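Since this is a predicted model, take the numbers as computed values, not measurements.
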Amino acid sequence: MNIKECPSLMEEQKLNNKKDKYIDITDTLLAYDCPDGINEKIMYAEVLGKVLENMDFQIYELYRKLADRYTSVLKSIYELSKSNEYSDYLLSAGWEDLIAFGEKKHFLLREWFTEEVFGSVLVPDTAKEMALKLLYVSSRSATIELCGCGKYKTEGEYLVYLNGKEVKGEDTVIKSFFNLLPGREYEITVIKADGSATGRLKFRTAEESYSLLVTDFGAVGDGISDDTHPIQSAIYACPDGGRVVVPAGAYRIIGLFLKSGVNIELQKGAVLKAIPERAGHGIFPGVLPSQDGSSEYNLGTWEGNPLPMFSSIICGIGVKNVSIYGEGVIDGGADFDNWWHEPKVMNMAYRPRLFFIKDSKKVYLQGVTLKNSPSWTIHPFFSEDLGFYNIKVNNPFNSPNTDGLDPESCRNIEIAGVEFSLGDDCIAIKAGKIYMGKKFKKPSEGIRVHNCLMQNGHGAVTIGSEMAGGVKNLTVEDCDFVNTDRGLRIKTRRGRGRDAVLDRIIFRNIKMDHVMTPFVVNSFYFCDPDGKTDYVQSREFYPADDRTPLIRRLEFEDIDAVNCHVAAAYIEGLPEAKIEELIMRHIDVSYAENPKCDVPAMSNGVEKCSLRGIFIRNVKRVTLDHVNITGNVGEAVVTECVDELNKG
């Protein structure tokens with residue numbers, strides 16, 4: 001039998017539903033000693049491909065032998081392709097078609113023929129060295145920081161090369177790279193366009209065990225079918241150290257649960273679109289008692305209390321070593337006909353988050369866009385060692401309670417290069433209301449926010465109001481705040497408790513534009529059903545007790561706020577628990593030509609105003625060093641009940 005006869009014989013076998021020639025065809029093809037010539041190898045690969053296309057893979061032993069031979073022949077062709085003698089010829093000889101067919105059988109085939117190629121990048125001799133920092137690397141992606149090159153956007157143009165090949169992208173300081181290969185060496189070179197600075201960074205991607213394609217598990221991605229179960233099956237079936245790949249398409253889901261050790265890649269054009277109907281969504285109870293009644297399991301949560309909530313669109317309970325990365329989209333599907341209708345009313349349970357993790361560790365989001373969240377968009381709860389890199393959070397400006405990223409009782413978090421545009425606080429650091437704070441005494445701490453863009457929200461970075469466990473060691477730096485009601489916003493009140501301690505809160509090197517009031521520290525925030533009672537709102541001295549919160553050290557440095565409207569700063573502590581120390585260094589505030597009039601802080605007795613300067617009340621020690629307020633009406637700085645005031 002001649003090998004060229006094999007494709008037609010296999011086609012006849014398929015048409016007649018027979019298998020009697022399978023062994024002969026397989027033996028003939030495997031016995032063929034392919035010459036070294038490029039034409040013979042391409043012919044042999046085409047024959048094998050045509051046979052495999054018509055072969056019943058249930059005769060798996062024979063099918064697999066031919067599939068492995070097909071891959072082997074392609075590899076030998078690829079080796080020849082690296083020679084200049086054959087590279088142009090292969091392009092015209094249908095090499096891409098051979099690969100495309102092979103990928104139908106094994107979608108990793110192209111990766112096997114891809115190798116790291118280090119091209120040369122010429123660097124000007126006079127270029128100064130710039131620092132590049134690797135923030136995160138997975139098996140398929142990496143995020144770097146161009147240190148000292150700007151805030152959210154770079155100051156000036158930079159050319160970026162990956163293994164010698166120029167990479168086009170946004171002019172952001174934090175940059176992510178996708179479509180990398182596992183266990184490979186990479187080199188990034190960055191050159192300032194004027195040749196004045198350059199930097200290099202080498203790294204190796206993580207290893208990867210297996211890759212599972214969700215369409216192999218039955219996901220359709222047509223925007224109509226419910227793909228929840230196929231995608232969830234792929235996630236749960238994936239071995240440790242593997243990835244689940246979601247290719248381009250629209251995948252309707254109710255909700256997905258993460259699995260430890262499994263990464264999810266949302267490729268460009270992939271959309272996970274949540275089905276917004278309440279039916280089908282699981283409900284997390286707020287409190288589940290242990291069998292002996294000695295402890296409780298808190299699962300559902302709503303605004304700092306253990307209350308029933310719908311399970312989230314993407315959810316992880318007790319997971320670790322998980323990453324969701326790529327250029328795809330997670331769409332919560334919320335609008336005013338479903339989740340945003342009567343948002344404060346508990347209908348069966350409180351609204352779900354778009355992304356929720358609890359008791360989890362080493363969880364990362366990278367590159368993806370999250371939008372139309374039912375309530376808070378990203379809500380890490382009692383978790384640690386988290387990273388959020390180059391993601392985008394987009395919710396309509398009038399969407400209710402759609403905070404961007406709300407870590408609650410979490411520690412060791414990096415938030416870098418994130419773009420926010422939404423209907424509430426961009427970032428809100430939380431630590432529960434008094435029941436959860438007093439019971440677990442779990443602060444949010446060790447959080448760094450840098451090189452982010454906060455726009456169109458209520459607060460750019462907010463602390464509270466649910467912060468009964470305390471917030472410590474928060475640093476926000478190198479960020480842009482644009483069109484937000486407030487820049488820094490601290491919301492606390494009597495009743496949060498003695499564990500509600502804020503300490504070592506640092507904001508530095510920040511640019512604000514059209515922020516209504518750049519600095520707000522409000523110790524009389526009128527939240528909760530009792531928020532407007534005399535106990536919460538009275539400016540009279542109340543004896544400090546176990547319900548009294550405390551603010552220790554706040555430090556603001558190198559901040560330029562232009563086009564402000566209402567006030568430069570409104571800072572007010574409790575008379576019985578004054579803010580211990582407030583430091584403001586190198587602060588410049590100027591106002592918009594046509595300023596809006598509004599209240600600088602949400603508490604009783606605070607009147608609407610515009611063009612107001614700095615107001616400080618109930619602080620022990622205040623340092624104002626090179627603080628410049630221009631364009632204000634009235635006094636630039638007004639202080640009341642300040643024990644020590646230092647001006648420089």
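A side-chain donor-acceptor contact under 3.5 Å links Gln366 and Thr143. No side-chain donor from either of Asn263 and Ser139 sits under 3.5 Å from a side-chain acceptor of the other. Checking Thr228 against Asp226 by side-chain atom types alone, a donor-acceptor pair falls below 3.5 Å. Defined by atom type and a distance below 3.5 Å, a donor-acceptor pair is present between the side-chain atoms of Ser323 and Tyr136. Checked by atom type, the side-chain pair Asp331/Asn372 shows a donor-acceptor distance below 3.5 Å.
Look at Lys202 and Glu185 and you find no salt bridge, because none of the NZ, NE, NH1 or NH2 atoms lies under 4.0 Å from a carboxylate O. With respect to Lys133 and Glu414, no salt bridge is recorded, no charged nitrogen being found less than 4.0 Å from a carboxylate O. Salt bridge status for Asp171 with Lys153: present, with a side-chain N to carboxylate O gap under 4.0 Å.
For CZ of Phe397, the number of neighbouring non-hydrogen atoms (other residues, nucleotides, ligands) closer than 6.0 Å is 12 at most. Other residues, nucleotides and ligands contribute only 12 or fewer heavy atoms inside 6.0 Å of the NZ atom of Lys273. Within 6.0 Å of the CG atom in Asn17, the count of heavy atoms belonging to other residues, nucleotides or ligands does not exceed 12. Annotation: Lys320, atom NZ; neighbour count of heavy atoms from other residues, nucleotides and ligands within 6.0 Å does not exceed 12. Taking a 6.0 Å sphere around CG of Leu30, one finds it holds more than 12 heavy atoms contributed by other residues, nucleotides or ligands.
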Exercise. Decide yes or no on side-chain contact (heavy atoms from CB on, under 4.5 Å) for Phe284 and Cys315, but give the supporting numbers first.
Key: CA-CA 11 Å; Phe284 284 174; Cys315 192; 3.6 Å; yes
Exercise. Give the intermediate values and the outcome of side-chain contact (heavy atoms from CB on, under 4.5 Å) for residues Met43 and Ile3.
Key: CA-CA 10 Å; Met43 180 274 295; Ile3 66 165; 3.9 Å; yes
Self-check item: Derivation and outcome, side-chain contact (heavy atoms from CB on, under 4.5 Å), residues Leu405 and Phe420
Solution: CA-CA 9 Å; Leu405 205 168; Phe420 298 92; 4.0 Å; yes
Quiz item: Tyr186 and Val137: side-chain contact (heavy atoms from CB on, under 4.5 Å), yes or no, with the steps?
Solution: CA-CA 11 Å; Tyr186 288 92; Val137 62; over 6 Å; no
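For Asn451 (side chain) and Lys151 (main-chain N/O), a donor-acceptor pair under 3.5 Å exists by modelled atom type. A donor-acceptor pair is defined here as one N or O able to donate and one able to accept, closer than 3.5 Å; such a pair exists between the side chain of Asp222 and the backbone of Ser225. Trp340 places a side-chain N or O within donor-acceptor distance of the main-chain N or O of Ser373, the cut-off being under 3.5 Å.
Glu166 is linked by a salt bridge (charged side-chain N to carboxylate O under 4.0 Å, His left out) to Lys168, counting only residues two or more places apart in sequence or in another chain.
Applying the ring pair (Phe, Tyr, Trp, His ring centres under 6.0 Å) test to residues at least two apart or on different chains, the pairs with a partner in residues 10-41 are Tyr32-Tyr44. Contacts classified as ring pair (Phe, Tyr, Trp, His ring centres under 6.0 Å) and involving residues 211-239 (residues at least two apart or in different chains) are not found.
Two residues are said to be in side-chain contact when any heavy atoms from C-beta on lie closer than 4.5 Å; Pro247 and Thr215 meet this criterion.
Between Trp339 and His281, the two ring planes are perpendicular [angle over 60°; tilted spans 30° to 60°].
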